[in-house]
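Written out below as structure tokens is the structure these notes cover.
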Amino acid sequence: MELKILADVGLVGFPNAGKSTLLSVITSAKPKIADYEFTTLKPNPGIVEYRDFQSFVMADIPGIIEGAAEGKGLGHYFLRHIERNATLLFLIPADSKDISQEYAILLDELRRYNPELLHKERLIAISKCDMLDDELMDEMKKELDVDFKGTSYMFISSVAQMGIMELKDKLWQMLND
Ligand SMILES: Nc1nc2c(ncn2[C@@H]2O[C@H](COP(=O)(O)OP(=O)(O)OP(=O)(O)O)[C@@H](O)[C@H]2O)c(=O)[nH]1
Ligand SMILES: [Mg+2]
């Protein structure tokens, strides 16, 4: 028997992307947060309170790295938790060396683990956007509109509480469509 966490939204991202920090601002969960990789070693669910008396579950999943589908970095153990999530929220930090490539690697690991994971609804959040100014964001948008091939994305910052309500609205809408 394998215990898998049931959650409406699963967080997908490299280590250090800010997944646990987002969970800590969007739910009452108190995950460990630190500036080193693999801080989170176990999936951790939290309840997102949404507007009046509504809620959904979001699960913090340990970081996924290139090679995870072959088991690198406990990849199998982490990836299997995503199988039950209705929607996947990809988190890619604004200071990533290459946002589009990071997204491509994540998608590829999911596909290699279980191609059906790519049938799930997904949303991309560019995290840590408090590090960007408007000009940089506008430039990034032009590239991401092309590279994300129409997959919805938004800019958020857990630390600055930027885009968080919009993120909840979007996730709620996706879960209820
Ligand atoms: N500037 C800024 N830093 C952030 C933000 N969110 C997270 N961080 C920082 O990024 C680092 C990693 O954050 P975590 O939330 O632990 O990242 P994670 O994705 O859970 O990492 P793993 O558990 O290792 O997979 C920490 O030093 C956080 O303080 C943000 O919105 N803005
Ligand atoms: Mg974490």
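When a ligand or atom number is given, it counts from 1 through the structure's own listing order.
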Open item on the list: I need the minimum non-hydrogen distance between Asn16 and Tyr36, along with the two atoms involved.
Closed with: OD1-O, 3.4 Å
TODO: Can you see which heavy atom on Leu117 is nearest to which on Leu110, and at what distance?
DONE: CD1-O, 3.7 Å
Considering only heavy atoms of [X], which atoms of ligand 1 have at least one such atom less than 4.0 Å away?
X      : result
Phe38  : 24 (O)
Asp35  : 27 (O)
Thr39  : 22 (P), 23 (O), 24 (O)
Tyr36  : 24 (O)
Gly63  : 25 (O)
Ser157 : 31 (O)

Open item on the list: Just to verify, what does Ser20 make a side-chain contact (heavy atoms from CB on, under 4.5 Å) with, not counting sequence neighbours?
Closed with: Pro31, Ile33, Thr40, Asp60
- [ ] Compute the minimum heavy-atom distance from Ala17 to ligand 1 and say whether it is under 4.0 Å.
- [x] yes
TODO: Mark the output for Ser127 as yes if a heavy-atom distance to ligand 1 is under 4.0 Å, and as no if none is.
DONE: no
- [ ] Have a look around the Mg ion (ligand 2) and list protein N/O/S atoms under 2.8 Å, or say none.
- [x] Ser20 OG, Thr40 OG1
Give the residue and atom name of whichever protein heavy atom lies nearest to [atom], and the separation in Å to one decimal.
atom                    : result
atom 3 (N) of ligand 1  : Lys128 CD, 3.8 Å
atom 25 (O) of ligand 1 : Lys19 NZ, 2.9 Å
atom 7 (C) of ligand 1  : Thr21 OG1, 3.2 Å
atom 12 (C) of ligand 1 : Asn16 OD1, 3.1 Å
atom 17 (O) of ligand 1 : Gly18 N, 3.2 Å

Using only atom types and a distance under 3.5 Å, with no angle test, would you say the side chain of [X] pairs donor to acceptor with the backbone of [Y]?
X      : Y     : value
Thr27  : Ser24 : no
Asp8   : Ala86 : no
Ser127 : Ala17 : yes
Lys168 : Val48 : no

Open item on the list: Let's go through Ser96 and Glu102 carefully: what are the C-alpha distance in whole Å and the side-chain angles of both, what is the deciding distance for side-chain hydrogen bond (donor to acceptor under 3.5 Å, both in side chains) to 0.1 Å, and is it a yes or a no?
Closed with: CA-CA 8 Å; Ser96 163; Glu102 196 163 319; 2.7 Å; yes
TODO: List the steps and the verdict of salt bridge (Lys or Arg N to Asp or Glu O under 4.0 Å) for Glu109 and Arg112.
DONE: CA-CA 5 Å; Glu109 291 304 328; Arg112 291 199 295 172; 2.8 Å; yes
Task: More than 12 heavy atoms from other groups under 6.0 Å of CG on Asp133 - done: yes
Task: Within 6.0 angstrom of Gln173 CD, more than 12 heavy atoms from elsewhere - done: yes
TODO: Tell me which part of Glu37 gets within contact of ligand 1: side chain, backbone, both or neither, using heavy atoms under 4.0 Å.
DONE: backbone
Open item on the list: Heavy atoms only, cut-off 4.0 Å: how does Pro31 contact ligand 1, side chain, backbone, both, or neither?
Closed with: neither
Task: Side-chain H-bond candidate by donor/acceptor type, Thr87 with Glu121, under 3.5 Å - done: no
Task: Residues Arg122 and Tyr103: side-chain donor-acceptor under 3.5 angstrom - done: yes
Task: Residue selection (non-hydrogen contact nearest atom 1 (N) of ligand 1) among Asn44, Ile33, Asp130, Val159 - done: Asp130
Open item on the list: With side-chain contact (heavy atoms from CB on, under 4.5 Å) as the criterion, how do Val12 and Ile61 come out once you've worked through the C-alpha distance, each side chain's angles and the decisive distance to 0.1 Å?
Closed with: CA-CA 7 Å; Val12 175; Ile61 316 262; 5.8 Å; no
TODO: Please confirm whether Ala34 comes within less than 3.5 Å of ligand 1 when only nitrogen or oxygen atoms on both sides are compared.
DONE: yes
Task: Met131 N/O to ligand 1 N/O under 3.5 Å - done: no
Task: Pair Asn114-Leu79, side-chain contact (heavy atoms from CB on, under 4.5 Å): steps then yes or no - done: CA-CA 9 Å; Asn114 176 358; Leu79 280 162; over 6 Å; no
